[in-house]
Protein chains: 2
Amino acid sequence: MYNRYIMTVTIKDIAKKANLSPASVSRILNNRGRFNDDTAKKVRTIAQSLGYFKNQSAADLSQKQSRVIGVLIPTAHTNFADEIIKGMQNKAYENGYELLITFLGNDHQQQMQTVKALLSRQLLAIFMLAVDITLPIHQLIKTSNIQVLSISNQLNDGIPSISSDNYDMMSQIVNYLYDHGHRQMALIGSSMIEPVVATVRRQGFIDALAKHNIKYNPDFIWGNNISYELGLQTIPHYGTPLPFTAVISSADIISIGILNGAKDAGLQVPNDLSIISIDGTELTQLTRPILTNAKQNFQLMGELAITALINNQLSTNTAIYTDIEIIAGQTIRTLKDS
Amino acid sequence: MYNRYIMTVTIKDIAKKANLSPASVSRILNNRGRFNDDTAKKVRTIAQSLGYFKNQSAADLSQKQSRVIGVLIPTAHTNFADEIIKGMQNKAYENGYELLITFLGNDHQQQMQTVKALLSRQLLAIFMLAVDITLPIHQLIKTSNIQVLSISNQLNDGIPSISSDNYDMMSQIVNYLYDHGHRQMALIGSSMIEPVVATVRRQGFIDALAKHNIKYNPDFIWGNNISYELGLQTIPHYGTPLPFTAVISSADIISIGILNGAKDAGLQVPNDLSIISIDGTELTQLTRPILTNAKQNFQLMGELAITALINNQLSTNTAIYTDIEIIAGQTIRTLKDS
DNA sequence: AATTATAATGTAAACGGTTACAATAATAAT
DNA sequence: ATTATTATTGTAACCGTTTACATTATAATT
């Protein structure tokens with residue numbers, strides 16, 4: 001039977017070999033405190049030769065605090081999670097933090113277990129990427145006293161967040177469409193009741209229309225989930241000819257559905273329908289025509305998340321916004337003086 | 001100044017309140033050993049009320065082994081990583097394992113740091129998803145004595161792997177195309193020298209052609225990376241009319257590039273060109289026409305990974321294969337008796 | 001050369017949980 | 001009632017690293 005027991009090399013082994021105390025070895029290996037450069041060199045050589053790996057658990061225990069940030073990602077394929085993590089990871093490493101990334105299952109039971117496992121590490125903070133947590137989980141996190149931050153999503157209850165300013169985003173988008181001559185526009189995929197983001201987007205949409213004296217048609221806000229299928233169903237839902245000239249799609253994946261739905265219905269984009277896609281991930285570049293989009297700066301969100309943590313800015317009700325940028329693609333038609 | 005110090009609740013606190021020893025509390029909370037049901041109930045209530053969270057670091061330290069599996073994912077957007085993780089996560093939780101997911105940056109320096117951070121946890125194993133590691137990193141992992149497994153990718157040096165049988169996959173694909181009347185076919189995105197997978201696919205392709213007495217044309221194996229751009233360039237590279245009737249694309253993202261490149265060149269898919277896409281992620285369902293694909297069973301790979309770990313099957317040279325399935329889409333034309 | 005300042009290293013306790021073993025309590029058997 | 005058996009709980013050492021404080025070595029100053 002294969003013996004799985006492994007003689008781990010500890011700091012004591014190194015100390016013995018170097019005729020030093022474990023304390024000195026620890027200091028050297030962590031570049032903390034004072035030590036002689038020659039001894040340091042020796043110690044590092046020995047560590048290397050013995051194949052030493054720090055036991056981070058022991059270190060965490062000893063220091064009563066880790067430099068680990070727990071990151072929660074929804075299992076549902078969100079293709080921008082990568083971008084946020086990319087942003088975080090760079091900044092995190094620069095500052096000596098580690099990320100513990102965990103996919104949050106959809107099943108509630110499993111979610112609970114996941115979060116519990118996360119909390120039982122001595123985490124510095126929990127970052128939630130585009131996650132809409134349920135109340136019990138929210139409370140679970142709260143009792144843990146760990147700092148929390150919601151990225152790319154806004155939650156209620158004063159949980160600090162880093163996201164786009166969804167209200168302003170809608171204003172920019174509506175203005176953009178207006179400037180291109182559009183007067184009748186629909187908002188797809190934001191009619192969910194609960195999530196703050198959906199609410200804010202709706203309100204931003206309505207208010208922006210009002211600023212242009214466009215009367216708001218409740219039928220033009222439709223779709224209570226974020227999915228490809230929703231996009232596919234959009235055009236059949238409204239029927240042709242469409243009662244509007246442009247749609248604002250709440251996510252790239254929806255936009256792709258709309259594009260395909262248009263093709264199925266024999267509509268030309270952007271001639272028969274203009275589309276602007278919220279998110280602006282690489283998905284928007286894979287379509288023909290290329291999707292005009294309101295690009296969120298996900299990578300920056302990730303970076304700012306770490307910065308905020310470092311600067312101790314994660315207090316209740318903090319809301320940090322990153323700018324969006326409207327990237328012209330090929331899905332917006334300019335209407336002559338309508 | 002806000003005080004970030006947090007009074008953590010330990011099992012000693014619980015013990016005190018319950019008039020028990022820490023040992024008993026530990027046993028109860030872990031469902032290990034013997035204890036009285038009533039005491040257990042009491043302890044659990046107290047734990048709850050105090051907001052106790054296990055300090056996993058301490059537990060890991062004490063037990064000299066954790067139940068944490070380190071998972072490495074390339075930062076480059078691989079859209080099937082999610083599927084593998086989904087598979088792993090379920091099985092892992094069922095068996096009391098935790099996953100520590102880490103994105104592996106592209107910069108070598110950062111990769112090193114990432115892997116080192118991983119290794120300094122008392123990991124049970126490291127699973128690498130579609131990762132092609134560099135030699136130094138490989139050696140780093142080796143010295144750690146931690147079990148390693150490569151998922152969806154085969155590496156050399158006897159590292160155990162779970163993947164599709166890429167040789168057989170090519171045979172199935174070629175047969176499929178042959179059965180649909182194709183005689184001239186190209187393989188795109190597998191001419192890299194180093195990765196085992198590319199080598200195996202090339203050989204499988206060549207051998208499969210030979211079985212049908214098709215003479216192999218070296219020009220028809222092209223493209224040494226996996227990217228959308230490679231797909232886009234494919235048709236310009238060969239020029240029209242194309243010297244083949246079908247392409248095998250080594251990844252979905254390449255396939256999308258080819259589709260768009262075809263559109264740009266005024267070619268009709270599948271009339272002017274048939275495409276079969278290796279991987280079969282959801283991306284294949286987002287295109288028009290829908291991509292016919294050789295679907296790899298990523299979720300199963302994830303599940304099997306955990307199973308293999310449990311059954312202690314991760315010995316050198318182990319290679320576990322999962323079946324592929326050819327999913328008919330709309331990108332394969334049937335040629336009349338050519 | 002003696003004294004002072006500084007650099008380098010050592011000592012020992014602590015972090016929170018686990019577990020082999022010992023001790024005690026409860027129950028069963030005689 | 002006494003002893004044997006079993007159930008429950010306690011004791012104490014240990015996991016590997018860190019760090020406040022103490023000690024010793026080295027360099028600087030007089």
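Lettering of chains follows the sequences in order, A, B, ..., and the numbering in each one begins at 1.
Taking all atoms of both residues into account, the shortest heavy-atom contact from B:A18 to B:I46 is CB-CD1, 3.6 Å.
Between the side chain of B:N31 and the main chain of B:R27, no donor-acceptor pair closer than 3.5 Å is present. Counting only distance, with no hydrogens or angles, the side chain of A:S164 and the backbone of A:N166 share no donor-acceptor pair below 3.5 Å. Distance alone, capped at 3.5 Å, is enough to place a donor-acceptor pair between the B:N36 side chain and the B:D38 backbone.
If you run side-chain contact (heavy atoms from CB on, under 4.5 Å) between B:I126 and each of B:I69, B:L119, B:V71, B:L149, only B:L119 comes through. The side-chain contact (heavy atoms from CB on, under 4.5 Å) with B:L104 is formed by just one residue from the set B:D132, B:L129, B:I73, B:V115; it is B:V115.
Between B:I11 atom CD1 and C:dT19 atom C1' the separation is 11 Å, expressed in whole Å. As a whole-Å value, the separation of A:K16 NZ from D:dG16 C1' is 13 Å. Counting to the nearest Å, the P atom of D:dT18 and the CD atom of A:Q63 are 6 Å from each other. Between A:Q56 atom CD and C:dC15 atom P the separation is 19 Å, expressed in whole Å. The nearest whole Å value for the distance from the CG atom in B:N55 to the P atom in D:dC15 is 18 Å. A straight line from CG of A:D38 to P of D:dA25 spans 18 Å, rounded to a whole angstrom. Computed from coordinates, the A:R34 CZ to D:dT24 P distance equals 18 Å when rounded to whole Å. Atom CG in B:D13 sits roughly 9 Å away from atom P in C:dG16 (whole-Å rounding).
Comparing D:dT9, C:dG17, D:dG16 by their closest approach to the side chain of B:L61 singles out D:dG16. Checked against C:dG17, D:dT18, C:dT9, the side chain of B:A59 finds its nearest nucleotide in C:dG17. The listed nucleotides are D:dT8, C:dT9, C:dG16; the one nearest the side chain of A:F35 is C:dT9.
Here B:N19 lies in heavy-atom contact (under 4.0 Å) with sugar-phosphate atoms only. If you check every strand for non-hydrogen atoms under 4.0 Å, A:T39 touches sugar and phosphate atoms only.
With hydrogens and angles ignored, a donor-acceptor pair under 3.5 angstrom links the side chain of B:S62 to the base of C:dG17.
Taken residue by residue, residues 23-33 of chain A places heavy atoms nearer than 4.0 Å to DNA chain C at A:A23, A:S24, A:R27.
Under the 6.0 Å distance and 45° angle rule, B:R67 counts as a cation-pi partner of B:Y97.
In this structure the side chain of B:F80 never reaches within 4.5 angstrom of the side chain of B:Q296, judged on heavy atoms. Using a 4.5 Å cut-off on side-chain heavy atoms (C-beta onward), A:N297 and A:M301 make no contact. In this structure the side chain of A:D60 never reaches within 4.5 angstrom of the side chain of B:Q56, judged on heavy atoms.
Comparing B:S21 and B:A58 by the nucleotide of DNA chain D whose heavy atom lies nearest to each, the residue mapping closer to the 5' end is B:S21. Between A:K12 and B:L20, the residue anchored nearer the 5' end of DNA chain D, judged by the nucleotide with its closest heavy atom, is B:L20.
Listed pair B:K54 / C:dG16 fails the phosphate criterion, with no side-chain N or O lying under 4.0 Å from OP1 or OP2.
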Along nucleotides 24-29 of chain C, 5' to 3', which nucleotides get a B, which get an S, and which get a -, given that the test is a protein heavy-atom distance under 4.0 Å? ------

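The CG atom of A:N156 lies 10.0 Å from the OG atom of A:S150; values are rounded to the nearest 0.5 Å. Note that CE of B:M112 is 6.5 Å distant from OG1 of B:T134, once rounded to the nearest 0.5 Å.
In DNA chain D, runs of at least 3 stacked Watson-Crick or G-U pairs (N1-N3 plus N6-O4 or O6-N4, or N1-O2 plus O6-N3, all under 3.5 Å) give these stems: C:1-30 with D:1-30.
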